[in-house]
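Below is the structure I would like to discuss, written out as structure tokens.
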Amino acid sequence: MSFDADVAVIGVGSIGSMALWRLAGRGLAVHGFDQYGVPHDRSAMGGETRMFRSTSPREPVYVSFAAASLTFWQQLEAETGRELLTLNGELVLGAENAPHIVNVLNSVRAFDLEHELLDERDVARRYPQQRMRPGDVGVLDPNAGFLRPELAVLTAARRAAELGAVVHTHTPVTHVEPDADGVTVTTAQRSYRYQHVVLAGGPWVQRLAPQLAGKIQVRRPIQVWYAADDPAAFAPERFPITLRPEDDGFYAFPSVDGALVKAGPTGPFKQIVPDPDQLDRTVGLDEVRGLNEIIRQYLPGLHPDPIRVSAYMDGYTADNRPIAGWAENTDRVVILGGFSGLGFKYATAFGEVGAELVTDGKSTFDLEPFAPDRELMAWPDQKREG
Ligand SMILES: Cc1cc2nc3c(=O)[nH]c(=O)nc-3n(C[C@H](O)[C@H](O)[C@H](O)COP(=O)(O)OP(=O)(O)OC[C@H]3O[C@@H](n4cnc5c(N)ncnc54)[C@H](O)[C@@H]3O)c2cc1C
């Protein structure tokens, strides 16, 4: 039986573009499919910047993914001459006994990661843009910073194409059918045959992976840009990524255009997206009021009235861990999905996971926490909840 190529990557977004590059770099014949252009602005990858960090305010398992991702990000930069990652540091703020501070400190101590623990006065002196609460501390991760997501996706896809990959843009895949000998991939135009498939469909992934039905909830985080009184004070050299992941918390990026500072809320998500084809891109005033107040409180050098707003979406699992591994009952289809708001920084490592599974049948990464068949609560009916 003949194949159109060795592997197809379905979804050439954040993770899929990296899988495509890692596969093409191994000399495999690879096809990528995306329903939109590569990159585009209608899913998880938009909004100019994404945080990268070496530490982990969530779970220690991510530390090894961060280390590998950093190596691969730097490899992609070296292969293409494009600057994608700026390591200007990250400041995680909060009460000394807050779970995210405890987790970050545990991860830096367990893995002997470079860091500085700053008290309230240290932070106020070194970063006068920040307003601290009495008793707050800051953990500075110098090996953190920001990625340029749209440029990174474009760069990886272009590099993969240079290495021989073929990318079908504006080509939605409607069906993926594995069998004993390979996988049939169907689009509106025709069917293709591959030895393996990597499913990296982001917010749409469960449509092509029936075993995930109900297990990924698509949510709509917003991002908000504020004008700075003194833009130079928010330049990357002076203003590290800031993260205060509390219910009334926020994150903020340095200014990448010399004028505006992007921020977002870290509290519980309010909006669920019942149908990712119908993402509501309009951000209402009521959605940003809470963040405006948070910005007024913690970053007084910003005008707390938004200049720009945007909405994107990501797929969330009930345990907030990605899904990475073989699909049910087949060693032909790899699933990489449900990145739960944390996936971009690790996109190169998870792309490598896809390439390893396809070429070696196993991964050098610990994938147990991410197993597609792990006990994963199904979300309530998303239409009713939305
Ligand atoms: C607002 C926001 C801020 C975030 N901030 C951070 C951050 O600072 N740091 C961080 O690490 N992470 C962050 N994340 C999370 C991170 O961006 C996501 O986890 C990651 O981008 C998910 O990548 P993905 O490849 O799964 O999805 P996507 O990048 O959306 O890619 C999926 C692709 O699949 C395509 N596709 C789907 N179905 C089909 C089909 N049937 N046929 C063809 N193509 C298909 C889509 O068109 C899309 O291009 C953030 C997410 C959001 C939304």
Side-chain angles (χ1 to χ4, degrees), residues 8-20 31-53 56 58 62 65-66 69 73 85 90 144-147 149-150 152-153 156-157 167-176 185-188 197-209 216 218-224 241 243 245 251-253 262-266 269 271 273 276-277 279 283 309-317 320-324 335-351 354:
V9 177
I10 317 289
V12 188
S14 318
I15 312 293
S17 62
M18 302 303 153
L20 200 71
H31 287 182
F33 290 86
D34 206 286
Q35 60 191 345
Y36 301 129
V38 176
H40 64 84
D41 197 35
R42 275 161 285 185
S43 61
M45 68 186 110
E48 294 179 348
T49 46
R50 288 286 183 273
M51 289 172 216
F52 175 85
R53 68 173 65 88
S56 177
R58 293 204 194 179
Y62 296 110
F65 278 86
S69 295
W73 285 120
L85 172 61
E90 182 191 46
F146 60 93
L147 288 151
E150 300 90 344
V153 168
V167 181
H168 300 279
T169 56
H170 303 283
T171 309
V173 168
T174 53
H175 199 65
V176 172
V185 168
T186 307
T187 69
V197 159
V198 176
L199 280 185
W204 293 266
V205 71
Q206 55 196 333
R207 287 195 184 162
L208 296 176
I216 293 182
V218 181
R219 298 182 191 163
R220 174 183 167 279
I222 59 164
Q223 303 198 308
V224 184
I241 305 287
L243 179 67
Y251 63 81
F253 284 83
K262 186 180 81 170
T266 57
F269 288 92
Q271 282 220 13
V273 181
D277 291 336
L279 171 67
V283 178
V309 289
S310 71
Y312 298 97
M313 57 183 166
D314 200 4
Y316 288 73
T317 60
N320 279 318
R321 290 183 187 145
I323 290 169
I335 302 176
L336 300 172
F339 281 90
S340 304
L342 58 73
F344 206 92
K345 63 182 81 57
Y346 309 127
T348 45
F350 278 99

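One-based numbering, in listed order, for ligands and for the atoms of each. Atoms considered below: every heavy atom in the structure, side chains included; atoms not considered: hydrogens, waters and symmetry mates.
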For T171, take its heavy atoms, then give the atoms of ligand 1 lying under 4.0 Å from any of them.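 Counting atoms of ligand 1 from 1, those under 4.0 Å from T171 are 43 (C).
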
Is the closest side-chain heavy-atom distance between Y62 and P322 below 4.5 Å?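 Yes, side chains in contact.
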
Please classify the P203 to ligand 1 contact at 4.0 Å (heavy-atom distances, strictly less than): side chain, backbone, both or neither.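 For P203, only side-chain atoms sit under 4.0 Å from ligand 1.
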
Test your reading of the model: is there a side-chain donor-acceptor pair from Q35 to the backbone of V173, 3.5 Å cut-off?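 No, Q35 side chain to V173 backbone: no donor-acceptor pair under 3.5 Å.
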
Below 3.5 angstrom, do we get any N/O pair linking L336 and ligand 1?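 No, since none of the N or O atoms of L336 sits under 3.5 Å from an N or O of ligand 1.
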
Enumerated ligand 1 atoms positioned under 4.0 Å from heavy atoms of Y312: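 Checking each atom against Y312, I get 53 (C).
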
How far is atom 10 (C) of ligand 1 from the closest protein heavy atom, and which atom is that?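 In this structure, atom 10 (C) of ligand 1 has K345 NZ, 3.3 Å as its nearest protein heavy atom.
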
Touching ligand 1 at all, G341? Heavy atoms, strictly under 4.0 Å?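 The answer is yes: ligand 1 sits under 4.0 Å from a heavy atom of G341.
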
Identify, for atom 46 (C) of ligand 1, the protein heavy atom at the shortest distance, and state residue, atom and that distance.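 Here the nearest protein heavy atom works out to Q35 NE2, 3.4 Å.
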
Using a strict cut-off of 4.0 Å, indicate which atoms of ligand 1 neighbour a heavy atom of F33.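 Numbered from 1, ligand 1 contributes 43 (C), 44 (N).
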
Donor-acceptor check, side chain of W73 to backbone of A347, threshold 3.5 angstrom: yes or no?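 Not confirmed, W73 side chain does not pair with A347 backbone.
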
Would you check whether G47 reaches within less than 4.0 Å of ligand 1, judged by its heavy atoms?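 In this structure, G47 fails to qualify as a contact of ligand 1 - no heavy atom is under 4.0 Å.
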
Atoms in ligand 1 with a heavy atom of L208 nearer than 4.0 Å: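 Ligand 1 atoms under the 4.0 Å threshold to L208: 41 (N).
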
Give the C-alpha distance, both sets of side-chain angles, the deciding distance and a yes or no for side-chain contact (heavy atoms from CB on, under 4.5 Å) between V283 and R220. CA-CA 10 Å; V283 178; R220 174 183 167 279; 3.9 Å; yes

Atoms of ligand 1 less than 4.0 Å from A200 heavy atoms?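 Heavy-atom distances to A200 below 4.0 Å select 32 (C), 33 (C), 34 (O).
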
For atom 2 (C) of ligand 1, the protein heavy atom that lies nearest, with its residue and separation: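 Residue, atom and distance for the closest contact: R50 NH2, 3.7 Å.
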
Look at the side chain of D41 and the backbone N and O of G46, then say whether any donor-acceptor pair between them is shorter than 3.5 Å.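 Not confirmed, D41 side chain does not pair with G46 backbone.
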
Are L243 and E90 side-chain neighbours, meaning at least one heavy-atom pair lies under 4.5 Å?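 Yes - at least one pair of side-chain heavy atoms lies under 4.5 Å apart.
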
Are any of the N/O atoms on L342, whether in the backbone or the side chain, positioned under 3.5 angstrom from an N/O atom of ligand 1?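 Yes.
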
Any side-chain heavy atom of P276 sitting closer than 4.5 Å to one from R207?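 Of all side-chain heavy-atom pairs linking R207 with P276, at least one is under 4.5 Å.
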
Where on V205 is there a heavy atom closer than 4.0 Å to ligand 1, on the side chain, on the backbone, on both, or on neither?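 Near ligand 1, V205 shows nothing, with every heavy atom at 4.0 Å or more.
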
Under-4.0 Å heavy-atom contact with ligand 1, by part of F344 that carries it: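 Both backbone and side chain.
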
Parallel, tilted or perpendicular, judged at 30° and 60°: which one describes the rings of F339 and F350?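 The rings of F339 and F350 stand perpendicular, inter-plane angle above 60°.
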
Identity and distance of the protein heavy atom lying nearest atom 30 (O) of ligand 1: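 Of every protein heavy atom, S43 OG, 2.6 Å lies nearest to atom 30 (O) of ligand 1.
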
Using modelled atom types and a 3.5 Å cut-off, is there a donor and acceptor pairing between side-chain atoms of T186 and backbone atoms of T174?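 No; zero donor-acceptor contacts below 3.5 Å.
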
Could you list which atoms of ligand 1 come closer than 4.0 Å to a heavy atom of G202?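 So the atoms of ligand 1 that pass are 24 (P), 26 (O), 27 (O), 32 (C).
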
Ligand 1 versus Q223, non-hydrogen atoms closer than 4.0 Å: side chain, backbone, both, neither?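 Looking at Q223 and ligand 1, just side chain atoms fall under 4.0 Å.
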
Protein residue, atom and distance nearest to atom 18 (C) of ligand 1, heavy-atom basis: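 Nearest neighbour among protein heavy atoms for atom 18 (C) of ligand 1, to 0.1 Å: D314 OD2, 3.1 Å.
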
Can you tell me the protein heavy atom closest to atom 42 (N) of ligand 1 and the distance?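 Heavy-atom neighbour on the protein nearest atom 42 (N) of ligand 1: V173 N, 2.9 Å.
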
For atom 35 (C) of ligand 1, which protein heavy atom lies nearest, and how many Å away is it?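 The protein heavy atom lying closest is D34 OD2, 3.3 Å.
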
For atom 7 (C) of ligand 1, which of M45, H40, M51 has the closest heavy atom?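 Nearest heavy atom to atom 7 (C) of ligand 1 lies in M51.
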
Pairs of nitrogen or oxygen atoms closer than 3.5 Å, one from A44 and one from ligand 1: do any exist?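 Yes - when backbone and side-chain N and O of A44 are compared with those of ligand 1, one distance drops under 3.5 Å.
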
Short list, please: which atoms of ligand 1 are under 4.0 Å from a heavy atom of M313?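 Per the distance check, 53 (C).
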
Less than 4.5 Å apart, side chain to side chain, heavy atoms only: is that true for I241 and R53?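 A side-chain contact under 4.5 Å is absent here.
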
Please say whether G343 places an N or O atom under 3.5 Å from an N or O atom belonging to ligand 1.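 Yes - when backbone and side-chain N and O of G343 are compared with those of ligand 1, one distance drops under 3.5 Å.
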
I'd like to know if the side chain of Q206 reaches the main chain of I216, judged simply by a donor and an acceptor atom lying under 3.5 Å from each other, with no hydrogens or angles considered.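 Yes, Q206 side chain to I216 backbone: donor-acceptor pair under 3.5 Å.
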
Starting from atom 29 (O) of ligand 1, find the nearest protein heavy-atom neighbour and note its residue, name and distance.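 Ranked first by proximity to atom 29 (O) of ligand 1 is S14 OG, 2.6 Å.
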
Take the angle between the ring planes of Y36 and W204 and call it parallel below 30°, perpendicular above 60°, tilted in between.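 If you compare the ring of Y36 with that of W204, the planes turn out perpendicular.
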
Heavy-atom distance under 4.5 Å between the side chains of V153 and F344, does that happen here?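 Side chain of V153 against side chain of F344, heavy atoms only: contact under 4.5 Å found.
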
Run the numbers for me: atoms of ligand 1, each under 4.0 Å from some heavy atom of Y36, listed by number.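 That gives atoms 47 (O) of ligand 1.
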
Parallel, tilted or perpendicular: which one describes the rings of F253 and F146, with boundaries at 30° and 60°?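 The rings of F253 and F146 stand perpendicular, inter-plane angle above 60°.
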
Does some side-chain heavy atom of L336 sit less than 4.5 Å from a side-chain heavy atom of V198?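 Counting from C-beta outward, V198 and L336 do come under 4.5 Å.
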
Checking the side chain of R58 only, and the main-chain atoms of N320 only, is there a donor and an acceptor separated by less than 3.5 Å?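 Indeed, once roles are kept as given, a pair shorter than 3.5 Å links the two residues.
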
Proximity of V153 to ligand 1 by residue part, where a heavy atom lies under 4.0 Å: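 It is neither; nothing of V153 touches ligand 1.
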
